[in-house]
Amino acid sequence: MTDITAGGVSAPLRRVEFDTPAAKARLRGRYRSEARFKSYGIIALCIAATFLIALLASIFSRGIPGFFQHYLVTEVLVDAAKIDPQGKGDAATLRAGDYTAVARAALAEAVPGVEGRQMKKELNSLLSSGAGDALREQVIANPSLVGQRIKVPLLLADEADLFLKDSGTKLLVLSETRGIATPSAKTGEITILVGANDFADDIAVVKAELKALAASIDETVALRKERGATPESLDSLVKEAVELRRRYDAAATSETLDSKTASRLVAINGGIVKIKEMSPTSVKGEVILPLKSTDDAAPGTWGIRVYETPESNRNLNDLGVTFLEELKAKGLVESQFNFAFFTRGDSREAELAGIQGALVGSILTLLVTIGLCLPIGVLAAIYLEEFAPKNWITELIEININNLAAVPSIVFGLLGLAVFLNFFGMPRSAPLVGGLVLALLVLPTIIIASRAALKSVPPSIREAALGVGASKQQAVFHHVLPLAMPGIMTGTIIGMAHALGETAPLLMIGMVAFIVDVPSTLSQSATVLPVQIFLWSDLPEPAFKMKTAAAIMVLLAVLFVMNGLAIWLRKKFERRW
Amino acid sequence: MAGWYALVVVALMLAGFALARGRAQSIAGGDYAGMHSLPSYHGLYTASLAFIPALLTFLIGSQIAGYLATHSAVSALPNDIQSDILRQGAALREVVNIVRGGPVGSASAEIQSAAASYSSTLFAAQWITLASGVFIGLAGLSWGLSRISMNFRARNSFEKMVYVLLWICATIAVLTTIGIVFSVVGETYRFFFDPAIKGKPTVGEFLFGTDWNPQAAMRADQGEINTAYGFLPLLVGTLLITVIAILVAGPLGLFSAIYLAEYASPGVRAVAKPILEILAGIPTVVLGFFAALTVAPYVRGWGEAFGLNVASESALAAGLVMGMMIIPFISSLSDDVINAVPQSLRDGAYAMGATKSETIRQVILPAALPGIVSAFMLAISRAIGETMIVVMAAGLAANLTFNPLDAVTTITVQIKTILVGDQEFDSAKTLAAFALGFVLFFVTLVLNFIALKVVQKYREQYD
Amino acid sequence: MDMRPDPLVMMTTQAPTHATLSAPTKVAAKNVNVFYGAKQALTNVSVEIPEKSVTAFIGPSGCGKSTFLRCINRMNDTVDSCRVEGLIQIDGKDIYDPALDPVQLRARVGMVFQKPNPFPKSVYDNVAYGPRIHGLSRSKAELDQIVEQSLRKASLWEEVKDRLSDSGTGLSGGQQQRLCIARTIAINPEIILMDEPCSALDPIATARIEELMEELRKNFTMIIVTHSMQQAARVSQRTAFFHLGILVETGSTSDIFTNPVDKRTQDYITGRFG
């Protein structure tokens, strides 16, 4: 032990000190860094949780209103003249009837006195083009309804629906006491005279709006300049701001209201007049809802309504808002759960679009997928785990499977396009091809999960079976496979959940077509839920954004159920050997 | 026709099983112990001999029938259509459409006569296939029946067939890879070297070009002038988004994994694990929607609050959400490798008086480093190949920029943009998508291969 | 610190002790009970361990000797389900005092494990690890000196001095174990716990470690858990026999092996069980 003697010559090793102030400070420092390090982990988890919550909150807040729809619920005269003029009463005639006209007649009855082509068109545009569909089904089911008055819900158009879901405009009722007002007529373009300078304040407010508008245009111009926009492209904006300033600076004698400022309407004598021009002592405007009389209106019986969002920034114009407010005041508008969302195919009209086509497409596609990849995956796993000899071919297969599991999904789409569509000439957009591509995509997942399940069955089971004279295959198929089945099913469900959410490869094989019909065979054109989500999310209408979020909620719910099932299976059949 | 095929196959299978089992039972005369294989194995064996040849006949026959029908339709077409590949393809699509029961409508007389010859040929060929399938199936069945005896090893023979089936299933993964390689490599080769393709770039132009503008290639009148297939902007865009994603997900995923593996109480784990699992299970199309509708405007708003010029489809928004997607990926892989570090190393460090964080930073992480590196590589490969988030939240403009606030485009976005909708299979534009797919496949394959090897080595070290 | 005599201590049956302790007591345990979850692993263990000597814990597997060893530097704290009751003192101070920091304790009570567990770092970094985290060196030269000295004390210096930057995991099993001992010595603990340090080693490597223990006991209080009675007889001055979670008997090694008091001890050392 010369080593130790040699070591002993030098100074003895120092002992760790803890009682000196320096050592105490050092220890405190070490514990501070410990706490800091631990907090990083908590912060990271919290951020991940925040992401998830933000995602779900964003989807849910948009999606939940998407499950509801506003209807005009009113008495409808099922007019025989419009539906069955010849009185045939057979289903074909009833199906061909003009139910839109019936619905429009009911609407006109609900908002009486609307005159003029333009106004009627605006009123009718509140109803969905499919407003009569439900009524049609009802009448076909019960032909005796023809000629009767029945109360049915009529679907409203998406703009009206969105307005009612509170993404429209703020409504202000100004009812501070004003003088006596005298309308010049009951309909058409009219002038309302007031005694004192009743509108002076309103004009000041409008001018302030003009000034604010000009200022915001200036800001936009400055920002665009900074981004390198050419002066020519900004010319019209600059001119607009100059014009707005001129109006602001002009004397307060009269002011024209246009779609850039808040809309102002006078509610007088039971009618509503949209103001077009305003002076301190009078307003000129167009009657939207006819007045009952041209009598003088006493102070307090008339007032001004303001729709704060300028008309040009709204999807629903002043006429539409006025009509809707009128319907709402009469209690004819109702929000109902939108069952049709689950029973309709896609549509260009947001209020008519549903996910049934996509759901059925998803189911057909997944049926193909599971029909292919469950048997193939399980058999492949059995081969690799139980029978494969240790040689380079087996190793190649194993490396292949592991690598395939990490190949981007879009590459599988390229495979489907080049091989299934172009080489084998299979039909485009079909659930059959979609299912094939997804089967190849999730096959590695299922093989890996099945192998793990087979591996977890202890060798003693195999030995026991072989010991009573079973062949190797009998041992595997009679004893090992049944014991591994829960694990295999768990892996399969997770793989199917993955396939259900997959989008990119299906885009490649053309499952992006606009398809109204619900598919019924494997070779028909179809789309699937995630692709439907993608298609809707691309559409400009705000109502479709709502539908998109609602469809996402359905997709997430299905995935949640599938994963829950997998966890339940795992828990129920979990076995410790 | 497929229905007839299926019916014949099932009938052969059932008949083969029932006949052979009955025969085996009568031969054995109740003495099953003296027989080598049970009667049901004789049944299975003969059933397989009956239906497998029939099935193969139908599979091959239906392909031949389709080919013959197409051939007869083409020869029925006028010569000028026959000679032009594009017009021939369009005419054939029309023919198939008519045969499948689509509207005859405005189809020309030539097309209609081609359709008639197509359907008659198809009809004849399919019936011949059906007849020969039945014949071959019955032949197999009778051969199987003739082999039944007390000593015939039906079980062993049947198990051999099952073994072959198992092997075939296992090789499907290899076939898939071959299929991928076949589809991307073939088209990529044509993209660069097929003289019939107009407006294609050289390999050098593709790899080092700084302009990407495949849309111009669509318009014949503009010809080759505006066509540009410079891959660099796509590469830079893809890498930019990937880097942002990894910057987000790397620390978050790693620290989550460390906390879960080393610090978290069972209660915290019971809450945190499902959160990460739910995050992992969210389809990318949903994340894309979230990125485009919520995150992008938010990023833009923030940027503008600081006086920055943020594009509405900024790389930052797409990268952030992509990072969100990758967090659970990195955390679960890292969790695995951290847990694989043997307890004895932790004990060693604790016994030296190390605190928990010192043990993790100085002993566990260095030991787990190879595994963590490969987790990151797999995450990078996942980010490069991700499609929907970037399709929905990143732009189409192929800007060559490193500014995360600008709009960039990625390889996957371009593949999707080119290939969705109608495409002509012989244009440089379509083939370009396959060239991009080739790059994508190659890059991710290399990343995955290295990462998986490293992980394998690492596992062996501590097993 | 609670120094009141525990009434339970008086009532429990003290394991028979042969000779009075010659050296001052370094570690004293009174009525230690250890539980893993609901399962009790140690029952009423009371023992005194003298300074600068080797004490061996022997007994059949699962008797709790390793569990007790891990109580002395509070390694059991890292096992969630483990609960320790009773009093363990080092130099008269309760080591389970909430005010006492396990990090401090472990710097004073080093441990060598059954399987050599060098960190996946260089030989140098393995030895320098303790001094670094505890701030024992002020300069690189000083650290070099500590490393060299520790390796010499672990009689490993001559074998590794030319490959200090090689990975510690590349050494042979016996070298790895001596590296772990050097790593422990580098922070100069007062007590070194050894948990079957030779069970993974071949006889030659075992002999070297045993020689090393003989040298080390001049400076350190050593406690060794061993399966091998021969090893206990060779290296230790005192021996404690554990059986089924109970400390059956403790005394000088020669007494235990030649003249055990308890029937179970006698049965064990004569090979009736274990």
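Letters A, B, ... are given to chains in the order of the sequence lines, protein chains preceding strands, and every chain is numbered from 1.
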Heavy-atom cut-off 4.5 Å, strictly under: side chain, backbone, both or neither for A:Leu555 against chain B?
side chain

Looking only at non-hydrogen atoms, find the nearest pair between [X] and [Y] and report the distance.
X        : Y        : answer
B:Leu279 : A:Ala48  : CD2-O, 4.1 Å
A:Leu404 : B:Ala173 : CD2-O, 3.5 Å
B:Gly179 : A:Val419 : O-CG2, 4.1 Å
B:Ile180 : A:Leu415 : N-CD1, 3.4 Å
A:Ala54  : B:Phe290 : O-CE1, 3.7 Å
A:Val411 : B:Phe441 : CG1-CD1, 4.0 Å

Among [options], who wins on heavy-atom pairs under 4.5 Å with chain A?
options                                : value
B:Gly385, B:Ala170, B:Ala292, B:Ala257 : B:Ala170
B:Leu260, B:Leu276, B:Leu166           : B:Leu166
B:Leu445, B:Ile415, B:Leu175           : B:Ile415
B:Val391, B:Leu293, B:Ile360, B:Val271 : B:Leu293

Winner by heavy-atom pair count (cut-off under 4.5 Å) against chain B, out of [options]:
options                              : result
A:Leu440, A:Asn400, A:Asn402         : A:Asn400
A:Ala388, A:Ala504, A:Ala497         : A:Ala504
A:Leu55, A:Asn563, A:Ile447, A:Ile47 : A:Leu55

With B:Phe438, which residues qualify under ring pair (Phe, Tyr, Trp, His ring centres under 6.0 Å), at least two apart?
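Here no residue qualifies.
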
Just verifying a value: how many Å separate A:Leu507 CG and B:Lys416 NZ, rounded to the nearest 0.5 Å?
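If I round to the nearest 0.5 Å, the distance is 6.5 Å.
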
Spacing of A:Phe37 atom CZ and B:Ile258 atom CD1 [to the nearest 0.5 Å]:
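One finds 4.0 Å between CZ of A:Phe37 and CD1 of B:Ile258.
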
Across all chains, not counting sequence neighbours, the salt bridge (charged side-chain N to carboxylate O under 4.0 Å, His left out) partners of B:Arg155 are B:Glu159

Can you check whether B:Tyr163 and A:Tyr383 have ring centres sitting under 6.0 Å from each other?
yes

